[in-house]
Amino acid sequence: MNTEKSAALYARAVEVMPGGNSRTAVYSSPYPVYIRSGSGARVTDADGVERLDFLNNSTTLIHGHAHPELVKAIAEAVGRGTSFGMPTPVEVEYAEALTARNETFEHVRFTSSGTEAVMMAIQAARAHTRRPKIAKIAGAYHGAYDAVAVNNDGSGSLISHAVTGNPEGVVANTVVIPFNDPEGALAVLREHAADLACVLIDPVPWRIGLVPADKEYLDALRAFCDESGAVLISDEVGSYRVGYHGALRLLGGEADLTVLGKVVGGGMPIGAVAGRREVMRVFDPSQGAPALPHSGSYNANPVSMASGVASLRLLTPEAVERIGELGERLRTAMRGTIEETGLDWRVNGLGSLFRVLATSAPEGYASPAAAMKRLYWVLLDHGVHIGDSGLGCVSTPMGDAEVEEFGAAFGASLRQVLAEGRG
Ligand SMILES: Cc1ncc(COP(=O)(O)O)c(C=O)c1O
């Protein structure tokens with residue numbers, strides 16, 4: 001595989017950035033492949049090699065790369081000015097478009113990333129309940145905010161552990177519950193009930209294997225929140241794309257607050273907290289100082305808003321269903337290939353999302369990274385890009401041809417990994 005230009009770029013990058021990197025997820029040893037451009041379902045790397053992109057910026061670009069309608073909306077918005085110290089009409093238009101998609105999204109508030117939106121949802125729950133603790137699912141990822149950088153490594157450990165340097169007080173205020181185990185979760189939650197501001201879930205948590213939450217589990221968490229007064233937060237930054245109304249609705253649950261990001265921004269930086277007025281009013285400055293002041297120079301900037309409006313317009317119920325069906329075909333084909341090879345691997349997912357795990361462990365905890373990382377490179381060599389964790393997704397510019405091309409590349413790559421003795 002010719003990656004000469006990527007190697008040269010990386011040699012320059014290490015001189016000016018730690019490990020040449022500004023985003024841990026895009027690092028790949030010995031160096032990442034640098035991307036020059038993208039169009040539709042494909043990207044072209046720095047050495048001019050074109051590939052099918054099934055990662056789509058970590059599942060963000062649901063309409064693929066440089067979609068003409070998004071490019072037009074963004075270019076027009078940029079032409080009108082990129083941000084102002086006053087609100088803009090397009091913010092209202094986007095808020096209307098977003099709240100119309102799910103009746104639990106009564107009010108919405110914008111940020112510039114999913115991380116910030118998770119942070120604001122947690123702070124809103126704390127301001128609303130005046131309680132300090134949060135509960136999260138063991139192993140699940142919710143961005144870089146310190147309160148959720150606790151047990152976010154994909155492992156199922158129920159002992160709170162944090163990234164290096166996270167203060168003890170933060171770790172002590174983050175309680176960890178097991179996934180899809182109603183009784184196990186309730187036992188932990190009941191112990192901390194009086195202090196819990198919120199229960200934070202991702203209905204399809206990718207880092208612990210991309211298995212959807214069971215209805216029984218969701219019902220147990222809902223009932224606990226109703227009883228205890230804790231706010232149920234559904235982080236759908238990654239999983240919103242599986243249903244027109246979002247992931248939790250598809251799985252039969254209902255949240256007080258929903259955190260959105262990625263696909264709702266049409267490729268521009270975005271985050272949003274949407275939910276019940278009763279909780280969202282902590283942000284309201286119209287009745288005196290709000291319980292939770294929340295500013296940000298780029299909150300609701302008109303470029304992200306215009307891009308978001310255009311992205312939502314393209315994300316019709318039919319579009320969501322179509323890419324969901326393609327996702328199901330993709331998962332079925334991958335499972336068939338894995339079965340043929342006799343490997344003990346697994347493919348999970350829902351709708352347009354999938355994750356390949358080099359293990360058959362129930363929730364995908366502790367996926368052996370080495371085999372998956374090797375598959376990542378071999379797939380690149382066969383013209384397909386997915387995440388090196390095995391994460392991938394279907395985008396709306398894709399159709400039968402891309403799914404078939406993926407299937408052929410996946411089969412050839414998996415057989416190569418197996419032949420190398422790395423399965
Ligand atoms: C479930 C979930 N929450 C939050 C985030 C953070 O979003 P962002 O990367 O926009 O900060 C992510 C990002 O991958 C995510 O998957």
Side-chain angles (χ1 to χ4, degrees), residues 21-27 55-62 98 109-125 134-154 163 174 176 179 198-213 232-243 246-248 250-251 253 255 257-275 296 298-301 303-304 307-308 311 348-355 363-364 386-393:
N21 178 265
S22 206
R23 181 179 174 191
T24 312
V26 304
Y27 177 71
L55 186 58
N56 287 295
N57 187 22
S58 298
T59 76
T60 297
L61 303 174
I62 198 158
L98 212 49
R109 183 109 187 153
F110 300 112
T111 65
S112 295
S113 70
T115 287
E116 269 183 278
V118 168
M119 177 175 83
M120 293 321 301
I122 290 171
Q123 291 187 7
I134 72 161
K136 75 177 283 287
I137 294 168
Y141 179 74
H142 296 281
Y145 179 44
D146 57 6
V148 291
V150 173
N151 291 44
N152 69 353
D153 56 2
V163 294
T174 299
V176 182
F179 183 56
C198 64
V199 177
L200 171 68
I201 60 165
D202 176 344
V204 198
W206 70 269
R207 194 164 270 181
I208 56 172
L210 208 71
V211 172
L232 184 61
I233 304 176
S234 182
D235 175 359
E236 305 193 14
V237 169
S239 54
Y240 176 75
R241 59 156 54 229
V242 302
L248 195 60
L250 187 72
L251 299 171
L257 296 182
T258 301
V259 183
L260 301 165
K262 294 197 192 253
V263 302
V264 300
M268 294 304 293
I270 196 81
V273 183
Y298 294 102
N299 288 2
N301 75 78
V303 184
S304 293
S307 174
S311 180
N348 294 334
L350 185 67
S352 54
L353 288 171
F354 68 84
R355 188 169 171 195
E363 302 298 355
I386 65 169
D388 67 0
S389 66
L391 182 69
C393 64

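First listed ligand is number 1; within each ligand, the first listed atom is number 1. Counting from 1, the numbers follow the sequence of the chain as shown.
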If you look only at distance, which donor and acceptor atoms sit under 3.5 Å apart when one is on a side chain in residues 138-151 and the other is two or more places apart or in another chain?
from, atom 1, to, atom 2, distance (Å)
His142, ND1, Asp235, OD2, 2.7
Asn151, OD1, His161, N, 2.5
Asn151, OD1, His161, ND1, 3.1
Asn151, ND2, Ser157, O, 2.7
Asn151, ND2, Ile159, O, 3.1

Stepwise side-chain contact (heavy atoms from CB on, under 4.5 Å) test for Phe179 and Val211: CA-CA 10 Å; Phe179 183 56; Val211 172; 4.3 Å; yes
Could you go through Val118 and Ile233, starting from their C-alpha distance and side-chain angles, then the distance that decides it, and tell me whether this counts as side-chain contact (heavy atoms from CB on, under 4.5 Å)? CA-CA 9 Å; Val118 168; Ile233 304 176; over 6 Å; no
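Contact shell of ligand 1 (protein heavy atoms, cutoff 4.0 Å): Ser113, Gly114, Thr115, Tyr141, His142, Gly143, Asp202, Trp206, Asp235, Val237, Lys262.
Between the Ser304 side chain and the Met268 main chain, no donor and acceptor come within less than 3.5 Å of each other.
Residues that satisfy the salt bridge (charged side-chain N to carboxylate O under 4.0 Å, His left out) test with Asp388, not counting sequence neighbours, are Lys373. With sequence neighbours excluded, no residue satisfies side chain to side chain donor-acceptor pair (under 3.5 Å) with Asn152.
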